[in-house]
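A, B, ... follow the sequence lines: proteins, then strands. Residue 1 opens every chain. Values below: every heavy atom of this structure, side chains too, minus hydrogens, waters and symmetry copies. All of these numbers come straight from a predicted model, not from anything done at the bench.
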Amino acid sequence: MAARGLVILGAVVLCSLVAVFHGAEGIMFSDLQKTLLVSASPRPGQVLEAGADKITVTWSLNQTYQSGSTDSSYKTVELKLCYAPISQKDRPWRKTVNDNLAKDKTCQHGIVSQPYTPSNSTFSWTISRDVPTATYFIRAYAYNSQSKEVAYGQTTDAGKTTDLFEIRGISGRHVSLDVASAVFSAFSVVSLFGFFYLEKRKAKRATQEK
Amino acid sequence: MDGVTMDREQGRFALPVDSEHKATVFPIFSVAKPHMRAFHLSWLQFFSCFVSSFAAAPLLPIIRDNLNLTATSIGDAGIAAVSGAVFARLAMGAACDLVGPRVASAWITLLTAPAVYCSSIADSAMSFLLVRFFTGFSLATFVSTQFWMTSMFSPPIVGRANGLASGWGDLGGGATQLIMPLVYDLIIRFGVTNFTAWRMAFFIPAILQTMTTYAVMIFGQDTPDGNFRGLQKSGRKHRDKFSKVFFHGIRNHRAWLTALCYGYSFGVVLTMNNVISQFFYDRFDLKLYNAGVIAASFGLTNIFARPGGGVLSDILGRRFGMRGRLWGWWIFQTLGGVLCIFLGRAGSLGASVAMMLLLSIFVQASCGLTFGVVPFVSRRAMGVISGITGGGGNIGAVLIQVIFFKGSKFSTEVGITYMGIMVIVCTLPIALIYFPQWGGMIRGPKPNYTEEDYYLSEWSEEEQQQGFHETSMKFAENSRSERSRKIDSISSPTEIATATHV
């Protein structure tokens with residue numbers, strides 16, 4: 001009886017250990033080869049408006065990186081908008097986690113996803129309205145057929161200091177919301193005094209009727 | 001009171017009542033006037049204030065991007081949300097003693113509703129902090145619920161009345177984690193951008209807060225005998241002086257002890273309402289809605305957790321008197337601290353959720369156990385005592401968030417562990433609470449010291465001569481239930497008095 005319990009316990013422990021170690025095998029950023037060349041239309045320090053301005057991104061394979069068939073495994077390319085270090089400061093929800101790409105939060109906004117071709121590709125993107133105010137750069141990831149990252153390229157340098165641009169997000173406010181807030185607020189204050197006045201009158205009438 | 005008068009009084013009320021006309025039973029699903037109606041109005045109003053005060057928490061992942069917030073400014077706003085109520089609760093306590101719970105609560109909720117409406121026009125870290133600060137003032141309605149329940153329900157069941165009203169009100173902190181993402185999702189489906197959708201969502205808690213307050217004013221009644229204003233004008237209720245009430249409240253050292261200890265049960269509840277959603281969202285990579293569901297379950301255990309604490313307090317009071325109530329409070333709150341430590345150290349999602357649920361039960365039950373003791377600290381300044389204790393709860397939340405959850409100093413899980421240690425330490429002062437007529441955790445009662453001696457010490461000779469102390473006398477008699485069985489043999493002065501009346 002006790003032996004059977006121990007065997008089951010051992011199996012459970014073993015399985016969870018396997019799961020833990022298997023899960024910990026995330027892809028590291030340093031595993032990726034920087035074989036893609038990416039450039040984008042915003043000039044360094046330019047400020048763009050979300051929902052209005054366009055960004056044109058161009059990418060291709062860097063022919064001079066390494067000779068040989070480095071790109072045979074590349075199936076899709078995805079371009080993403082990524083936070084520059086200044087916009088990650090004191091914001092742990094945008095943290096760069098280089099030893100496990102699955103947990104990396106640097107690039108949270110997708111621009112486009114296309115099948116891979118080694119030649120020049122372009123895409124023109126209107127910045128969507130849910131992109132927040134921040135400083136950005138653009139990165140491209142190449143994925144293999146198992147949807148795992150194998151290569152990348154980005155518009156900025158390794159230290160993420162050059163060629164950064166800003167996007168100004170929408171405020172989300174509307175005149176109708178402003179008006180509604182003011183009206184409802186005024187109404188609740190007025191109704192308070194209304195109740196107060198009614199209470200006084202009720203109490204006065206009660207003592208008069210006595 | 002002789003038998004004939006009691007029957008005549010009994011006929012006026014739907015429920016059986018004691019000599020102060022407070023109900024002696026608690027039929028939870030009834031809406032009988034005025035007792036049960038007061039209960040339902042009270043907890044609904046408090047619930048809506050909780051929904052408003054923590055409405056921002058589950059939507060933070062959207063708000064933090066829209067307003068370009070940092071972890072520090074989010075922490076500051078969370079602290080502001082609970083610090084506003086510190087003085088508001090104190091003021092509310094005094095206001096209840098003077099103008100009654102209906103009017104006092106209406107003032108605070110209708111004056112803070114604009115802050116909730118204006119949350120939708122916040123556009124910076126500072127404006128966000130300000131709206132959370134002013135919205136948080138509405139948490140002072142806690143004091144009015146406790147005052148109102150203590151006015152409506154008799155001492156042997158005051159624990160459960162207080163526990164249910166505040167527990168079901170606290171549910172708002174959990175419900176909001178579900179309501180706000182749901183409302184947000186609904187608005188998004190209509191094609192509204194995320195940065196506008198969260199703003200529109202805030203109208204729901206604001207309108208709820210306004211409607212429940214209207215219900216309180218229209219359908220509620222301050223005391224079993226009527227509203228404060230009417231009773232004061234007709235002379236049936238002595239209109240006490242603010243200075244006297246305040247003086248007797250702050251002079252009672254027990255109020256400060258309960259305030260300190262409540263800071264580490266309710267303080268934990270408020271802190272968790274603020275940090276738990278982001279904790280699950282960021283640590284386990286959950287979707288916004290799922291993090292909200294898990295975070296909501298923390299507050300949702302309050303359907304039975306805090307009321308359970310109140311009921312347990314009443315049961316311990318019946319069997320062991322006030323000493324039982326104190327011991328029960330200390331044990332549960334200490335266990336709450338231990339569970340915080342376990343939660344901080346749990347590694348997997350499953351273990352974290354389990355620890356969080358256990359923690360929510362023990363910590364919220366401790367809140368209920370606290371307010372099984374507070375109604376007995378003072379009769380004359382009951383509102384002020386509730387206000388001081390309630391304020392202490394918020395101060396605890398401010399301290400906890402400032403020390404452990406501000407900026408990026410500690411990760412959230414480490415902060416929770418340290419919070420648990422502080423809870424265990426700051427729960428020890430319960431052992432210092434001593435009632436001479438009933439005893440404390442360590443020492444027994446003073447011999448021959450009665451409930452009348454305790455409660456009448458709040459009234460001077462001249463005041464007693466003018467008969468202002470009558471309600472305190474009745475309360476003293478009704479609170480004899482707080483004696484532990486062993487000292488039942490001490491005869492009370494009124495037993496001798498009624499013997500001569502006949």
With a 4.5 angstrom heavy-atom cut-off, is it the side chain or the backbone of [X] that approaches chain A, or both, or neither?
{"X": "Ser120(B)", "result": "both"}
{"X": "Ile74(B)", "result": "side chain"}
{"X": "Trp198(B)", "result": "neither"}
{"X": "Asn68(B)", "result": "both"}
{"X": "Thr72(B)", "result": "both"}
{"X": "Ile62(B)", "result": "neither"}

Checklist entry - How close do Phe195(A) and Leu110(B) get, heavy atom to heavy atom, and via which atoms? => result CD1-CD1, 4.4 Å

Checklist outcome for this item: Closest heavy-atom pair, Trp93(A) versus Ala71(B), reported as atoms and distance to 0.1 Å, is CH2-N, 3.9 Å

For residues [X] and [Y], determine if any side-chain heavy atom of one lies less than 4.5 Å from a side-chain heavy atom of the other.
{"X": "Arg129(A)", "Y": "Phe195(B)", "result": "no"}
{"X": "Asn66(B)", "Y": "Pro132(A)", "result": "no"}
{"X": "Ser181(A)", "Y": "Ile121(B)", "result": "yes"}

Next on the checklist: So for Ala134(A), is it side chain, backbone, both, or neither that comes closer than 4.5 Å to the heavy atoms of chain B?
Outcome noted: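 Neither part.
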
Next on the checklist: With a 4.5 angstrom heavy-atom cut-off, is it the side chain or the backbone of Lys200(A) that approaches chain B, or both, or neither?
Outcome noted: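 For Lys200(A), the contact with chain B is made by backbone and side chain together.
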
Checklist entry - Out of Thr133(A), Val189(A), Ile170(A), which one racks up the most heavy-atom pairs below 4.5 Å with chain B? => result Ile170(A)

Checklist outcome for this item: Given Gly51(A), Ser128(A), Ala180(A), Ala102(A), the one with more heavy-atom pairs under 4.5 angstrom with chain B than any other is Ala180(A)

Spacing of [atom1] belonging to [X] relative to [atom2] belonging to [Y], to within rounding of 0.5 Å:
{"X": "Leu198(A)", "Y": "Ile218(B)", "atom1": "CG", "atom2": "CD1", "result": "9.5 Å"}
{"X": "Arg102(B)", "Y": "Glu199(A)", "atom1": "CZ", "atom2": "CD", "result": "4.0 Å"}
{"X": "Leu69(B)", "Y": "Asp90(A)", "atom1": "CG", "atom2": "CG", "result": "10.5 Å"}
{"X": "Ser185(A)", "Y": "Leu111(B)", "atom1": "OG", "atom2": "CG", "result": "11.0 Å"}
{"X": "Lys89(A)", "Y": "Thr70(B)", "atom1": "NZ", "atom2": "OG1", "result": "9.5 Å"}

Can you tell me if [atom1] on [X] sees more than 12 non-hydrogen neighbours from other groups inside 6.0 Å?
{"X": "Lys33(B)", "atom1": "NZ", "result": "no"}
{"X": "Arg345(B)", "atom1": "CZ", "result": "no"}
{"X": "Ile86(A)", "atom1": "CD1", "result": "no"}
{"X": "Met126(B)", "atom1": "CE", "result": "no"}

Item to check | Charged N-O contact under 4.0 Å between Arg199(B) and Asp178(A) | outcome: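 So Arg199(B) does not pair with Asp178(A) through a salt bridge.
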
Item to check | Full working for salt bridge (Lys or Arg N to Asp or Glu O under 4.0 Å) between Asp285(B) and Lys103(A) | outcome: CA-CA 8 Å; Asp285(B) 271 326; Lys103(A) 295 199 170 222; 5.4 Å; no

Next on the checklist: Students often mix this up, so state it plainly: with edges at 30° and 60°, are the rings of Tyr214(B) and Phe187(A) parallel, tilted or perpendicular?
Outcome noted: perpendicular

Next on the checklist: Check the orientation of Phe184(A) and Tyr117(B). Use parallel for under 30°, tilted for 30 to 60°, and perpendicular for over 60°.
Outcome noted: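 Rings of Phe184(A) and Tyr117(B): tilted, as their planes differ by 30° to 60°.
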
Item to check | Candidate pair Arg91(A) and Asp65(B), rule salt bridge (Lys or Arg N to Asp or Glu O under 4.0 Å), full reasoning | outcome: CA-CA 10 Å; Arg91(A) 294 178 178 86; Asp65(B) 275 346; over 6 Å; no

Next on the checklist: Quick one, Ser171(A) with Asp123(B), criterion side chain to side chain contact (heavy atoms under 4.5 Å, CB included). Give me CA distance, side-chain angles, the key distance, then yes/no.
Outcome noted: CA-CA 7 Å; Ser171(A) 75; Asp123(B) 60 1; 5.6 Å; no

Next on the checklist: Looking at chain A, which one of Tyr281(B), Trp107(B), Phe202(B) has the largest number of heavy-atom pairs inside 4.5 Å, strictly under?
Outcome noted: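 Answer, by heavy-atom pair count under 4.5 Å with chain A: Trp107(B).
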
